[in-house]
Amino acid sequence: MKGVSAIILAAGQGKRMKSSLPKVAHLVLGEPAVWHVAAAAKAAGIRDMVFVLGFGRDKVLPTVEEFGGRVAIQESQFGTGDAARCGLKEVPAGSREIVVLCGDAPHIRPATIRALLETRRRKGAVASVLTGILDNPGGYGRIVRSPDGAVAKIVEEKDADAATRKVREVNSGTYAFDRAFLESGLPRLTDMNAQREFYLTDMVLEALAQGKRIVPLAAGDPDEVKGINSRRELAEATRILQTRKLDALMDSGVTVVDPARTYVETEVRIGPDSVLDPGIMLTGNTRIGRGVHIQTGCVVHDCIVEDGVQLKPYVVMASSRVRKNAILGPFSHLRPLADIGEEAHIGNFVEVKKSRIGKGSKANHLAYLGDATVGRKVNIGAGTITCNYDGISKYPTVLGDGVFVGSDAMLVAPITVGKGALIGAGSTITRNVPPYALALERAELKILEYWVARKKPELLKKSGLSVPRLKVRKGDK
Ligand code: UD1
Ligand code: CA
């Protein structure tokens with residue numbers, strides 16, 4: 001949108017959060033509160049953004065960078081009017097309209113920002129303000145309307161008398177301004193109020209003094225105007241955005257069995273006909289394909305999960321990829337850079353780290369695969385471990401196609417096992433194995449008959465077994 005800039009107010013500490021992190025940097029469904037505000041502005045078509053930063057600004061800078069915004073510093077937080085004044089200095093000359101947004105109000109929708117701009121233009125007003133009707137308006141500025149429906153004044157809770165406090169229409173803190181009006185009015189604000197702050201809301205009085213109008217736009221969805229001022233409101237914000245996110249997923253063809261017990265962060269994408277069972281967490285930049293079934297207890301962060309994959313209960317995975325139709329779990333653990341091939345099976349208590357597992361290979365029970373390259377149709381027996389670490393460095397393991405690793409093998413890396421080779425159960429393999437070979441490492445098996453009866457009869461008695469009568473052999477005492 002040409003000629004329109006956004007100023008996002010994000011300098012405040014948010015004392016009621018009782019936090020060392022600035023309020024706007026607290027995560028709501030996986031992204032900072034202010035990120036959601038900037039994302040809505042961007043989706044509304046606003047490219048030029050100024051972020052007003054102050055308290056804990058370093059924690060907000062990643063969001064500014066992500067949206068290619070500019071920074072205005074408000075050293076001391078003298079109020080929203082002062083913050084807007086700081087931001088205005090960074091707005092380019094070409095912008096004739098300015099949308100002011102609160103960094104702590106993450107529910108704002110792109111369509112509402114556009115409607116706010118249109119309302120101002122259509123009504124020929126110097127500004128429009130987004131309002132909402134709340135059942136519990138406590139803490140918000142109240143909208144007092146004039147008989148013609150324009151805004152007569154906005155009264156902060158702390159400055160309001162009993163009658164004004166009963167007003168349920170509140171100020172969202174989101175406005176569209178004519179730039180010239182904002183420029184002329186901001187320097188005239190005073191801090192003559194209960195909080196000794198420069199209130200941006202006093203621009204209403206400025207408009208009236210100039211014989212101009214500020215028009216309200218009531219949000220259809222009252223949740224949209226809510227801000228975050230406390231940890232409770234942070235949790236409520238997460239719930240509101242979670243409901244929206246899951247509704248959108250369901251509308252696009254994803255089954256969410258129990259939305260009240262499903263956590264899916266903002267940037268996660270999921271294909272149609274996937275099924276999310278209760279009690280899962282899908283976070284970060286996760287991409288889920290079509291027809292994927294994710295069962296209870298799964299925690300998936302920053303992963304790519306391709307079509308048709310099944311994640312049985314309690315699969316925990318991060319920064320990994322699972323290819324088509326693979327089956328994982330229950331209780332599998334993928335650490336960063338695991339790459340599980342098509343139709344592979346990774347079973348219970350199998351940990352995979354920085355390893356590529358080929359198509360159709362199986363590691364079904366109790367194994368550790370680290371820094372490994374595993375071919376196709378490889379069988380990894382229970383208890384197999386790639387001994388990839390000597391206490392100083394990590395070393396690779398390479399298993400060719402069709403290798404069969406018997407149970408409880410120790411593969412001491414660096415090591416390569418050629419295709420079709422067989423590793424006998426219980427072997428510790430310390431040298432490379434050529435293709436099609438059997439590698440077996442085993443101490444001689446001894447069986448000493450009647451040893452227990454002779455040497456440890458008390459063990460048998462303890463188990464309720466009678467001690468067999470033994471012939472006295474020559475040499476026995
Ligand atoms: C403000 C509005 C109130 C509205 C409410 C909606 C004013 C005077 N009041 O009150 O009418 O109902 O928002 O949530 O505008 N900020 C700065 N610098 C400052 C002060 C604030 O950048 O000096 C930022 C904060 O970081 C925050 C936003 O402005 O993101 C709102 O500030 P906050 O102190 O939460 O204002 P409220 O008291 O909620
Ligand atoms: Ca607020």
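Just so you know, ligand 1 is whichever comes first in the structure, and atom 1 is the first atom listed for that ligand. These numbers come from the heavy atoms of this one structure, side chains and all, not from hydrogens, waters or symmetry mates. From a predicted model like this one, the values you see are computed outputs, not experimental measurements.
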Considering only heavy atoms of [X], which atoms of ligand 1 have at least one such atom less than 4.0 Å away?
X: G12; answer: 17 (C), 22 (O), 25 (C), 26 (O)
X: Q77; answer: 18 (N), 19 (C), 23 (O)
X: F78; answer: 23 (O)
X: K23; answer: 35 (O)
X: N229; answer: 35 (O), 39 (O)

Considering only heavy atoms, which of [options] lies nearest to [atom]?
atom: atom 4 (C) of ligand 1; options: N171, L200, T201; result: N171
atom: atom 17 (C) of ligand 1; options: E233, E156, Q74; result: Q74
atom: atom 23 (O) of ligand 1; options: G14, A83, G79, P137; result: G79

Do we see a donor-acceptor contact under 3.5 Å between the side chains of D277 and H293?
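Per modelled atom types, D277 and H293 side chains form a pair under 3.5 Å.
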
When you compare the side chains of T386 and N388, does any donor N or O come within less than 3.5 Å of an acceptor on the partner?
no

Residues R323 and D339 bridged, charged N to O under 4.0 Å
yes

Ion pair check, R16 and E233, cut-off under 4.0 Å:
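Answer for the salt bridge query: no.
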
Residue part near ligand 1, for S172, under 4.0 Å between non-hydrogen atoms:
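Backbone only.
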
Does only the side chain of A10 get under 4.0 Å from ligand 1, or the backbone, or both, or neither? Count heavy atoms.
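The answer is the backbone of A10.
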
How are the rings of F331 and Y314 set relative to one another: parallel (under 30°), tilted (30 to 60°) or perpendicular (over 60°)?
parallel

List the atom of P259, the atom of M250, and the distance in Å for their closest heavy-atom pair.
CG-CE, 4.0 Å

E224 and T174: side chain to side chain donor-acceptor pair (under 3.5 Å), yes or no, with the steps?
CA-CA 11 Å; E224 211 174 336; T174 306; over 6 Å; no

